[in-house]
Amino acid sequence: MERNLQSAKRLRPVDLARGHGLSTQAIRNYEAAGILPPAGRTPHGYRTYTPLHAAALRVFLALLPGHGHPTATSIMRAVNQGMTDQAFHLIDGSHAQLLDDRRTLQAVENALHDLGVIATPALSPGSVATPAPGPTPAAHPTPTPGSAVVSWPGATFIGPLAGELGIRPATLRKWERAGLVRPRRDPRTGYRVYDETDVRDARLTHQLRRGGYLLEQIAPLIAQVRAAGGLELLEAALCDWRDRLADRGRAMLTGAAELEAYLRERG
């Protein structure tokens with residue numbers, strides 16, 4: 001079948017390029033990269049293509065949205081070299097990455113659900129530091145006479161926050177070293193002070209850790225929360241993320257259909 005298609009109607013580079021809004025140079029680049037099978041040559045040295053090349057181009061362009069340029073290129077190169085098992089392995093990798101991305105999205109959505117998607121979460125009564133001098137929360141040293149206590153609204157110390165989350169203070173310090181929480185220091189006592197944003201980040205980190213995510217996996221998600229300006233704004237970003245994952249999944253189906261047709265044409 002491949003020989004029949006290769007010997008069929010001759011196509012010029014411009015014939016392949018025109019239908020997809022590409023340049024003829026792009027067609028030559030695709031051939032050089034192995035995305036297209038090697039072109040034939042006229043007696044004068046001009047490239048000639050066939051319907052098989054046109055089919056290969058359609059497959060590559062269909063694979064792009066779901067797999068990305070590097071993987072789509074590797075898939076086509078493997079197919080054109082007769083290494084279909086390698087092509088299937090690459091496709092499996094893309095599907096595995098999509099599944100992993102879906103699981104990450106689900107973990108974040110679950111964490112937001114558990115948090116109630118509150119933009120400025122606060123700890124339970126009795127665990128928030130008050131602006132007026134007085135006894136400090138349990139598990140935290142009492143400031144010395146005349147020293148100032150925390151005056152930021154909704155702020156708390158490491159002991160109460162750890163108790164609220166059911167973790168050890170050492171865990172919060174580890175999260176701080178990883179950049180997941182960024183408490184300030186009381187200017188008089190030097191104690192760590194966690195404001196509402198820190199509490200939010202600590203709660204989200206806690207939920208993701210319970211879901212089995214590593215600190216290095218959580219860090220970019222916390223960065224997204226901060227960049228979005230809070231959990232409520234992040235929810236809209238997650239909806240967009242979900243839509244993009246769905247688009248990617250459908251694009252993979254389209255690419256698979258085109259690739260299957262191409263494999264049948266090659267014989």
Side-chain angles (χ1 to χ4, degrees), residues 35 58-79 83-121 165-167 171 174-175 178-182 197-263:
I35 294 168
R58 288 195 303 272
V59 176
F60 174 68
L61 296 177
L63 290 171
L64 274 178
H67 298 271
H69 196 285
T71 301
T73 298
S74 296
I75 291 170
M76 292 305 300
R77 185 182 297 124
V79 168
M83 302 167 59
T84 53
D85 284 347
Q86 176 63 20
F88 294 153
H89 177 77
L90 292 165
I91 293 169
D92 290 344
S94 291
H95 281 281
Q97 181 61 58
L98 179 61
L99 179 59
D100 187 59
D101 290 346
R102 288 189 184 280
R103 286 171 173 164
T104 300
L105 172 61
Q106 187 63 56
V108 176
E109 289 180 330
N110 289 343
L112 293 177
H113 179 269
D114 292 341
L115 291 171
V117 197
I118 301 172
T120 54
L165 298 175
I167 60 177
T171 300
K174 182 177 181 180
W175 293 354
L180 303 178
V181 291
R182 299 183 295 194
T197 298
D198 297 317
V199 172
R200 176 202 69 194
D201 294 347
R203 285 181 166 181
L204 183 55
T205 297
H206 181 52
Q207 293 295 336
L208 293 170
R209 286 293 292 140
R210 288 176 60 185
Y213 286 84
L214 302 176
L215 298 185
E216 54 266 31
Q217 295 173 310
I218 297 172
L221 301 177
I222 296 295
Q224 288 184 25
V225 175
R226 292 170 180 160
L231 295 176
E232 291 178 333
L233 294 177
L234 179 64
E235 187 180 26
L238 292 178
C239 288
D240 178 67
W241 186 3
R242 190 186 308 111
D243 290 342
R244 285 187 283 110
L245 290 180
D247 290 343
R248 203 162 106 214
R250 296 191 67 172
M252 286 183 178
L253 291 176
T254 301
E258 289 286 351
L259 179 60
E260 169 60 19
Y262 182 61
L263 290 173

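Residue numbers count from 1 along this sequence. Everything quoted here is computed from the prediction, not taken from an experiment.
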K.L.:
In chain order, what residues pass the side-chain contact (heavy atoms from CB on, under 4.5 Å) check against Ala178, with sequence neighbours excluded?
P.N.:
Leu180, Leu215

K.L.:
For His206, check side-chain hydrogen bond (donor to acceptor under 3.5 Å, both in side chains) against everything at least two apart and list the hits.
P.N.:
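In terms of side-chain hydrogen bond (donor to acceptor under 3.5 Å, both in side chains), with neighbours along the sequence ignored, His206 is linked to no residue.
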
K.L.:
Salt bridge (Lys or Arg N to Asp or Glu O under 4.0 Å) with Arg244: which residues, sequence neighbours excluded?
P.N.:
Asp240

K.L.:
Find out whether Arg103 and Tyr213 are in side-chain contact, i.e. whether some heavy atom of one side chain is under 4.5 Å from a heavy atom of the other.
P.N.:
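Result yes, sub-4.5 Å side-chain heavy-atom pair found.
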
K.L.:
Do the side chains of Ile167 and Trp175 get nearer than 4.5 Å, heavy atoms only?
P.N.:
yes

K.L.:
When rounded to the nearest 0.5 angstrom, what is the spacing between OG1 in Thr205 and CZ in Arg200?
P.N.:
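Rounded to the nearest 0.5 Å, the OG1-CZ separation comes to 10.0 Å.
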
K.L.:
Using the test side-chain contact (heavy atoms from CB on, under 4.5 Å), find all partners of Arg102 that sit at least two apart in sequence or belong to another chain.
P.N.:
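For Arg102, the residues satisfying side-chain contact (heavy atoms from CB on, under 4.5 Å) (neighbours in sequence not counted) are Leu98, Leu245.
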
K.L.:
Tell me every residue that passes ring pair (Phe, Tyr, Trp, His ring centres under 6.0 Å) with His69, counting only those two or more places apart in sequence or in another chain.
P.N.:
Phe60

K.L.:
Return the set of residues passing salt bridge (Lys or Arg N to Asp or Glu O under 4.0 Å) with Arg226 (not counting sequence neighbours), or none when no residue passes.
P.N.:
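For Arg226 the salt bridge (Lys or Arg N to Asp or Glu O under 4.0 Å) partners, ignoring immediate neighbours, are Asp201.
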
K.L.:
How far apart are the closest heavy atoms of Leu259 and Val79, and which atoms are they?
P.N.:
CD1-CG2, 4.0 Å

K.L.:
Say you draw a straight line from OG1 of Thr71 to CG of Leu64; how long is it, rounded to the nearest 0.5 Å?
P.N.:
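Result: 10.0 Å between the selected atoms.
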
K.L.:
Considering residues at least two apart in sequence or located in another chain, which fulfil the side-chain hydrogen bond (donor to acceptor under 3.5 Å, both in side chains) criterion with Tyr262?
P.N.:
Asn80

K.L.:
Which heavy atom of Ser94 sits nearest to which heavy atom of Met252, and what is that distance?
P.N.:
O-CE, 3.5 Å

K.L.:
What pair of heavy atoms forms the shortest contact from Leu63 to Ala72, and how long is it?
P.N.:
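Distance-wise, the nearest heavy atoms are CB-CB, 3.9 Å.
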
K.L.:
Could you tell me the separation between the CZ atom of Arg58 and the OG1 atom of Thr254, rounded to the nearest 0.5 Å?
P.N.:
14.0 Å

K.L.:
Please name the pair of heavy atoms, one in Arg203 and one in Leu165, separated by the smallest distance, quoted to 0.1 Å.
P.N.:
CG-CD2, 3.8 Å

K.L.:
If the condition is side-chain hydrogen bond (donor to acceptor under 3.5 Å, both in side chains), which residues does Asp101 pass it with, not counting sequence neighbours?
P.N.:
Gln97, Arg248

K.L.:
Donor-acceptor pairs under 3.5 Å, side chain of residues 84-92 to any protein atom, not counting sequence neighbours: which ones?
P.N.:
none

K.L.:
Of all residues at least two apart in sequence or in a different chain, which pass the side-chain hydrogen bond (donor to acceptor under 3.5 Å, both in side chains) check with Ser74?
P.N.:
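Scan of Ser74 (side-chain hydrogen bond (donor to acceptor under 3.5 Å, both in side chains), adjacent residues dropped) gives none.
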
K.L.:
His95 versus Leu99: any side-chain heavy-atom pair under 4.5 Å?
P.N.:
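His95 vs Leu99: side chains apart.
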
K.L.:
Would you please name every residue forming a salt bridge (Lys or Arg N to Asp or Glu O under 4.0 Å) with Arg242, sequence neighbours left out?
P.N.:
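Partners of Arg242 under the salt bridge (Lys or Arg N to Asp or Glu O under 4.0 Å) test: Glu109.
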
